[in-house]
Amino acid sequence: MNTARRPARKPAIRLVGDDDRAATRFNVGESIALEASGLAPAKVHDLNIRIDQKTALDLRLISDRDGNIPATVIWAQLGFDDPASGARYTLVEALERFGGRTIEIVVRQERRKITAAKAVIEKRLTRPLVAVVDAAGRLLNAVDEEGEEPHLLLAGLASSGSVVVTAVARQHDWYVGARLEEALTRTGDPARMEVEIREGDARVTRFPLARDLPPGAYDLIVRPIRYGYEHHLAPLVTRHDIIGSRRITGLVVREDFWRAKPVLGGCVNKIPISGRTVSGAPYFRFTDTFEVGADVWGALDPGIVDPGNVSKMCALYVIPSKSDVQWNADNSLAHLAILGGNAAVPKIKVQAGCINANKVLLWPGASQPGEYDIVADFGNNTPDAASFVSDAQYNTPLDIIDGYFIAGFRVVEDPGTLGDWAQVGQWFYNETTQGIATVVDEAGSYSTPGGFASVNVSVPRKANVFFPADAPGVTSPAQISGVSANYPLIVVIHGNGHNYTSYDFLLQHLARNGFIAASIHINSGMSGLGRANMLFEHLGILKPAFGSKLQNNIGLLGHSRGGEAVIKAARLNQQQGLGHGLNALMALAPTDQYGHETLVAPWATPHFVLYGSRDGDIKGDIYTPGYTTAQTGFALYDRSADASKQMLFVHRASHNGFINYNEDFSGEASTCISVADQQKVMLAYTNAFFRKELSADPRWEGMFSGDWVPPSVSVNGTLVQTQFRRAAASVIDDFQANATWTTSSSGGAVTSTGLPVTPAEGKLRDHPAASGIDPLSPHDSSGMRIRWDNIGDRIDWAIPAGQGNVSAADVLSIRLGQVAGSAINPANAAQNLRIALRDGAGNERAVRVGAFSTLPYPDVRPVSTRTKSALLTVRIPLSAWTIVCAGQPKVDLTNVVSVSLVLSETPAGEVCVDEIEFSA
């Protein structure tokens, strides 16, 4: 592999226990991880694991680019199961069967022994043990919602008395001082219970807490109670805490297995597999996007795989992603040639412990951009490593896939770190050379278009400009890079109280990506019109300065008041015939207070809104007389029409944090994500948007349609919601002018089954705050509010005759979002539902929204009225209704007669819906 580096050390392996220290003796219940160094870089290595000279398990792992195998669990919760047979044992049985025996691990490459290590299993416990078991005391890490009753095993504790057992969010790794995020039960109560213990005892006790938890993965913290000191309430890991396992999840509460499938009743086992290790909590994160050169890991979470797959051998294939047509024609698997082909496929056993026991490196330094799937091929379906044979096919229902309906993962160039030019020139000008302009501005905010008093404002002409260069130290536009004949221009218009120099980091990034990028000065207190007019003043400076090197191909980026000004500028440019090629508009945390500015034909322009859920300035209030909806970027997005539009809503981001600091207007600065993380969003999405629109670079389309998040943003777990709409679509219901909820905007009947209340349809929010169907909606749009309280509930939209041929479309698109403050939605949890299509022959297939998008719980702000019921766009490929899925019929896309929301995934919920349509 071309990214491989030669090893510099002698081959060696070490075995590591739960304390992350190398050891030669291990306790029953402890998880053994292997670390290797000095191996051939980026090569497949075979591991033979023996117990007293008898083979117990064979694995195949790949070394990284430095010739290392990072810590990989080879036997989770040692002794509680037999890696050869899969048999489970109690603690007493495990000590009797394995205590005192020797484990040997031999590493081979191409059948040649490279290195080996040995360890001994202790005959008795020398450290505390905590595990979830069945009534007999056999391991039961994963608990089904309706399965056998869980119990808790506590053994080897060093004291007697009361302990509190707390379920916390899974973290995959722990250390003293790590922050604890206490889980909540289904009723919203703290997930903890008290247990009495005696020193040295091994006690199995009922564990009803496990039944009270919603589906998910949890670690268990056992902490002695010292009444009067209340240390058991400390939110950090202490040295007195006993943790179920440092590497293995203590408890997985499974969702109903069949309900979790992408197609209701279908046999496709699609789960996330690709991911990356991260330096902080949660230490491993599923992700579907990797930057070129990054390591791609894979992990099988035993909490979500088919229970029948646990303890079975499998081969992990990385293959080019296939379309529905390709899968329908051929289910064979071809492991990437760059990874050695089918002869070098990694092989593991799916262990019961947790995801860390099934986490392996799949592609060191992924070097080929593209879309890929990962398939766990269970072949001849055996737990015996010696007899396991992969059949190199994807067969349902046995095998598992990360992909199929959409790509499992992507390898991409990251627009947040990408740069085609190593050198950047800079040119700063000010009023000394360019003078002072007098421009017309609005005297203040107003609601009626044109209904303002004008004022004249004198503004110094000054700006910072950056551009591609071929050498360091360039300071003149005449020295711009000669690599390209000419370059697009991007101009930044800042907000009130901001400084035009604060955007230099962004301008430099844009210059490295082939743009001339300028940020212009605006006086404090100016409104939207004055900002737009100052833009035109600066275009009169920039165009002649760069001459033929500057394309009449311009993007505008406005912040706060500047975000509204860029829309105003597009209108004025068209109405006044100014001739500027304004081809892309970006609004960062924009205001909406200067005459209901609306981006429509003939000045419609591709538009992108970026806004944070913890904006301390543009909070979501209605403060200008005449406005009836929250004055934020949501309203600007909703009113835009006749051109493509996109919006990114970033959870826990602020108004200024994308640029330089988290403002504290509402006492929320400490609750926001870091400025560094917000700047990563800014760099990636700004560059991608302007490259997409000004440079006709289609690579970035999926970032805005919600298909993927760039690695520089996703690596830290930043949560984003996307809205996206193309101008041309076949609309089933846009809810804008319906006389009644029972008739859609396309003229079809709308009916419901089982809903506890009649769906409400109308303006999502309509001032005063008590009006509208959702007082916490930030949207300037109409929609429908739906509540359900039974998994049999549904609502159906009939498609009128002559409109049912949707085969030319690519996706079904719908805007959905949880209703903020609704007591019926599960607390702090994502919501889920299915969308069904039915054809004229009665074939119906219900596809799970959660397989393609996440409907997150609203970000709850300290001032509750500023929490937002934000919609996001869910786009499901129409191939999801036509691809082979055993047990379910295909839907004829030339004759679709209905679209339905099937509310089968959670017992209750409340959402708002808008824009149901078939689209490109």
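In what follows, residues are counted from 1 in the order of the sequence shown. These figures come from a predicted structure and were not determined experimentally.
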Can a side-chain donor-acceptor contact be found between [Y] and [X] if the only test is distance below 3.5 angstrom?
X	Y	answer
D859	S613	yes
S744	S746	yes
Q831	N825	yes
S781	D914	yes

Taking only Lys NZ, Arg NE, NH1 and NH2, and the carboxylate oxygens of Asp or Glu, determine whether [X] and [Y] approach each other closer than 4.0 Å.
X	Y	answer
R866	D615	no
R725	E917	yes
R794	D796	yes

Counting distance only, does the side-chain N/O of [X] pair as donor-acceptor with the main-chain N or O of [Y] below 3.5 Å?
X	Y	result
T185	D189	yes
D734	Q736	yes
K261	V847	no
R614	S654	no
S869	A820	yes
R845	A880	yes
S898	A798	no
N738	S745	yes
Y637	T632	no
T671	E668	yes

Checking side chain to side chain contact (heavy atoms under 4.5 Å, CB included) for the pair V709/M703: CA distance, chi angles, key distance, verdict?
CA-CA 6 Å; V709 177; M703 286 174 53; over 6 Å; no
Interatomic spacing from [atom1] in [X] to [atom2] in [Y] - rounded to 0.5 Å:
X	Y	atom1	atom2	result
K619	I622	NZ	CD1	14.0 Å
T287	W708	OG1	CH2	11.0 Å
T906	I791	OG1	CD1	9.5 Å
L184	D212	CG	CG	12.0 Å

Begin from the C-alpha positions of V132 and L220 and carry the test side chain to side chain contact (heavy atoms under 4.5 Å, CB included) through to its verdict.
CA-CA 9 Å; V132 178; L220 302 177; 3.7 Å; yes
Can you list the steps and then say if V268 with F405 is a side chain to side chain contact (heavy atoms under 4.5 Å, CB included)?
CA-CA 10 Å; V268 173; F405 300 98; 3.8 Å; yes
Please say which of L837, V897, V896, N895 ends up in a side chain to side chain contact (heavy atoms under 4.5 Å, CB included) with I799.
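In the set L837, V897, V896, N895, the residue that makes a side chain to side chain contact (heavy atoms under 4.5 Å, CB included) with I799 is V896.
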Pairs touching residues 749-763 that satisfy salt bridge (Lys or Arg N to Asp or Glu O under 4.0 Å), sequence neighbours left out:
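Only K763-D780 qualify under salt bridge (Lys or Arg N to Asp or Glu O under 4.0 Å).
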Look at atom CD of E181 and say whether more than 12 heavy atoms of other residues, nucleotides or ligands are closer to it than 6.0 Å.
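It does not: E181 CD has 12 such atoms or fewer within range.
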Just to verify, what does T742 make a side chain to side chain donor-acceptor pair (under 3.5 Å) with, not counting sequence neighbours?
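Testing T742 for side chain to side chain donor-acceptor pair (under 3.5 Å), a comparison that skips the adjacent residues, returns T740.
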Could you report the tightest heavy-atom contact between L648 and T722, atom names first, then the distance?
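The pair with the smallest heavy-atom distance is CD1-CG2, 3.5 Å.
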With a 4.5 Å cut-off on side-chain heavy atoms, are R787 and I824 touching?
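A side-chain contact exists here, since the closest heavy-atom pair is under 4.5 Å.
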Applying side chain to side chain contact (heavy atoms under 4.5 Å, CB included) to W797 and L901, what does each step give before you reach the verdict?
CA-CA 9 Å; W797 282 262; L901 299 187; 3.8 Å; yes
Counterpart residues, ring pair (Phe, Tyr, Trp, His ring centres under 6.0 Å), relative to F634 (two or more places apart)
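Listed in chain order: Y611, F649, H779.
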